[in-house]
Amino acid sequence: MRRGGQSYPCSCDVQQRGVVRVGCFVPTLSIAAGTIPGMCGIAGYVGPRNAVEVVFDQLKRLEYRGYDSAGIAYLNGTDAIHVLKRAGKLSELGRLLDEKTPESGIAIGHSRWATHGAPTDENAHPHHDRYEDIVLIHNGIVENYLELKQELLREGHTFRSETDTEVAAHVIGREFAQGVPLEEAVRRAAKRMRGAFAFVVFSRREPAKFVAARNFSPLIIGLGEGENMVASDVPALLPYTRRVTYLEDDRIAVVTCEGVTVTDLDGKVLEALVDEIQWDIEAAEKGGYEHFMLKEIHEQPDVVRQCLAGRIDEHARVRLDNAFSETVWQEVDRVNIIACGSAYHAGLMGKYLFERELRLPTDVFYSSEFRYGDPLLSPKSLAVFISQSGETIDSLAALRLCKQRRIRTLGIVNVVGSSIARECDRTVFTQAGPEISVASTKAYLAQCLVLELLALHIAQVREMPGIRIEQEAGRLSGLADKLALALEVEGRMQEVAQAQKDARLAFFLGRNADAHVTREAALKLKEVAYVPTQECPAGEMKHGPLALIEQGTLAVFGATDPEVRDKLASNVKEVQARGGYALVVTTDDDGSLDGVGDELVRVPATGSPYLDALLAVVPLQLLAYHLARARGCEIDQPRTLAKSVTVE
Ligand code: G6P
């Protein structure tokens, strides 16, 4: 590949039909709606430079987000679309590019974080349609891809990958083959797809433009002089331009080197506002947030959407594609959940749910204890391994022990293609996207959601009377919006953190699910703010821990469960009577705790005790973050801790 400042002719033959007009100028660091990155990286360029070089550089600038494969498509002349893609690091793709030295005036590129199918060359983007007329990159999830795939298979289409993206490429290609312009083909196809997604597509038959479409997943168009580009995230654009327009939901953009036209799904041309990016590169990598931890906390509404995508159908039935058959779920008589750290805390939530709702005996083990504990394992039991990384050595060793003992194993894992994901009999992915901060936030949330989906799935299979699956599924569907509201307490948590920054000890107390969530919140505070914590069920306080409360001790109470609120109110009083400072988190549908504690924070009520307790983690994650910040701690990489613990 030629390096350096050469320019390449761009064969733009498309008239500029609409212009992007300068609208509001946003001079602040505030986060524009929809700029939270999705899971994968999207890049695209059309203009006089060598587009392949530009797109490769843009992908490098998105590397910080994590990915497991990457690819580029470009047009050399107008004869054919060339696609180069490789599993693994970008350097693998770079080697391929160096061999071919491609040059082009248009290219699109993608770094993939696997959600459908393992991180292989075949599953990497871009993907072609049936006729190799178009090529597509995609972020997000097409929820109804299986249904669309069946339809296409009946029509004789064949597929090379396991991805929903290839299905989307075939749907667009089928429309394009009808003779409509590419833009119209994308529009028609977008109307057929459900889910949260962003696409960029180009065709050898309309060679000087790409068409981008957005539904929930972010897509940003960069505006240059005689060149234009597209990316999923700001850092990819910054070396080339600071003028951008954020594509809104249900919008289609046609991008040529001369201009950008934005239309709605009916083809009506719309005005698009231009923003001037003020961030430096480092801030942009974090989406304008100071730390990855804060960014990941704020990504959680999107994580809920991604995690649930395609898993609750229109009849409110839970679909877990990769779980066991119905016979297995009928047979399982005991569950052992095995995990470490935050994943262990998610496991405690699983026990709460399985025993309370399904009456299914469940134990939770630290992986390191399980593997050396000579565990009692019944042949009909199920071992569930929860892990963000899928590589934690103790969890992996415990998994191998279960396999030796011929126990069924199920993984709840974030990283597709990881060891635990590969070695478990079945794996359900949390679909939380790459988590970079050492302290887990969004992955924990997604693990708890998958456990809820699993519980509903088992209840469905077992046709359990008394569990209103439709109602619970409806609550899950409304959760993302409630989570966004829960994040609004940030200002108050910042004030509490400032006031409590010199705390020498913090108690975390709750009952039932609240006890498990506050235990996770305590871990956050320990990990990032280095505050010693004492976490226990609130009723256990009197049996020892209460002796540690003194003037100024911080005590955090999870108080979302209406069944035990009165009891908890008494525990708050016990703490205050000894000079402790009580922060209480409850739901917004209850007034019984008004005036209780020194600070009362409310999260939106969901109607489900499990989800209420889970939402309470959000203000407490923010508390840990802001307390750490107030104490000047290294937040994303706390001292002596690692993101993935692959040594014993
Ligand atoms: C480390 C991380 C924690 C994580 C734990 C388990 O301690 O710092 O955030 O919860 O490992 O990791 P896993 O990848 O198995 O979920």
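In this text, all values refer to a predicted model and were calculated from it rather than measured experimentally.
- Under the rule for a side chain to side chain contact (heavy atoms under 4.5 Å, CB included), the partners of Ala73 that lie at least two apart in sequence or sit in another chain are Ile81, Val83, Ile108, Pro126, Val135, Phe202.
- Residues satisfying the salt bridge (charged side-chain N to carboxylate O under 4.0 Å, His left out) criterion with Glu490, sequence neighbours excluded, are absent altogether.
- Partners of Glu147 by side chain to side chain contact (heavy atoms under 4.5 Å, CB included), not counting sequence neighbours, listed by chain and number: Asn144, Arg194.
- A salt bridge links Arg174 to Glu155: one of the charged nitrogens lies within less than 4.0 Å of a carboxylate oxygen.
- Here Lys191 does not pair with Glu175 in a salt bridge; the nearest charged N to carboxylate O distance is not below 4.0 Å.
- By the 4.0 Å N-to-carboxylate-O rule, Arg95 lies close enough to Glu92 to be salt-bridged with it.
- For Ser342, the side chain to side chain donor-acceptor pair (under 3.5 Å) partners are Glu520, Lys524, not counting sequence neighbours.
- Under the salt bridge (charged side-chain N to carboxylate O under 4.0 Å, His left out) criterion, Arg311 pairs with no residue, sequence neighbours left out.
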Quick one: do Ser440 and Glu435 satisfy side-chain hydrogen bond (donor to acceptor under 3.5 Å, both in side chains)? Show the steps, please.
CA-CA 7 Å; Ser440 181; Glu435 191 177 63; 3.1 Å; yes
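- Between Asn414 and Thr430, the side chains place a donor N or O and an acceptor N or O closer than 3.5 Å (distance only, hydrogens not considered).
- Remark: Tyr74 engages His82 in a ring pair (Phe, Tyr, Trp, His ring centres under 6.0 Å) (not counting sequence neighbours).
- Of the charged side-chain nitrogens involved, at least one lies within less than 4.0 Å of a carboxylate oxygen, so that Arg214 and Asp249 count as a salt-bridged pair.
- Applying the salt bridge (charged side-chain N to carboxylate O under 4.0 Å, His left out) test to pairs two or more places apart or on separate chains, those with a residue in residues 217-230 are Arg49-Glu227.
- Residue pairs meeting the salt bridge (charged side-chain N to carboxylate O under 4.0 Å, His left out) criterion with at least one partner in residues 157-170, sequence neighbours excluded, are Glu132-Arg160.
- Residues satisfying the salt bridge (charged side-chain N to carboxylate O under 4.0 Å, His left out) test with Lys85, not counting sequence neighbours, are none.
- The closest side-chain heavy-atom distance from His291 to Ser437 is not below 4.5 Å.
- Residues passing the ring pair (Phe, Tyr, Trp, His ring centres under 6.0 Å) test with Tyr131, sequence neighbours excluded: none.
- Residues passing the side chain to side chain contact (heavy atoms under 4.5 Å, CB included) test with Thr165 are His125, His127, Leu136, His138, Thr163, sequence neighbours excluded.
- Side-chain contact between Val255 and Val200 is absent, with no heavy-atom pair separated by less than 4.5 Å.
- Contacts of Asp250 classified as salt bridge (charged side-chain N to carboxylate O under 4.0 Å, His left out), with partners at least two apart in sequence or in another chain: none.
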Would you sort out whether His110 and Asn139 count as a side-chain hydrogen bond (donor to acceptor under 3.5 Å, both in side chains), showing the intermediate values?
CA-CA 9 Å; His110 190 264; Asn139 273 7; 3.1 Å; yes
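- Side-chain contact between Thr441 and Tyr625 is absent, with no heavy atoms from C-beta onward closer than 4.5 Å.
- A donor atom on one side chain and an acceptor atom on the other are not found under 3.5 Å apart for Asn50 and Glu103.
- Thr263 pairs in a side-chain hydrogen bond (donor to acceptor under 3.5 Å, both in side chains) with only one of the listed residues (Arg187, Arg251, Glu184), which is Arg187.
- Under the 4.5 Å side-chain criterion, counting only non-hydrogen atoms from C-beta, Leu223 is in contact with Val274.
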Please walk me through it: do Glu391 and Ser419 pass side-chain hydrogen bond (donor to acceptor under 3.5 Å, both in side chains)?
CA-CA 6 Å; Glu391 300 294 349; Ser419 305; 2.6 Å; yes
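- In summary, Asp302 and Arg305 engage in a salt bridge, as defined by a charged side-chain N under 4.0 Å from a carboxylate O.
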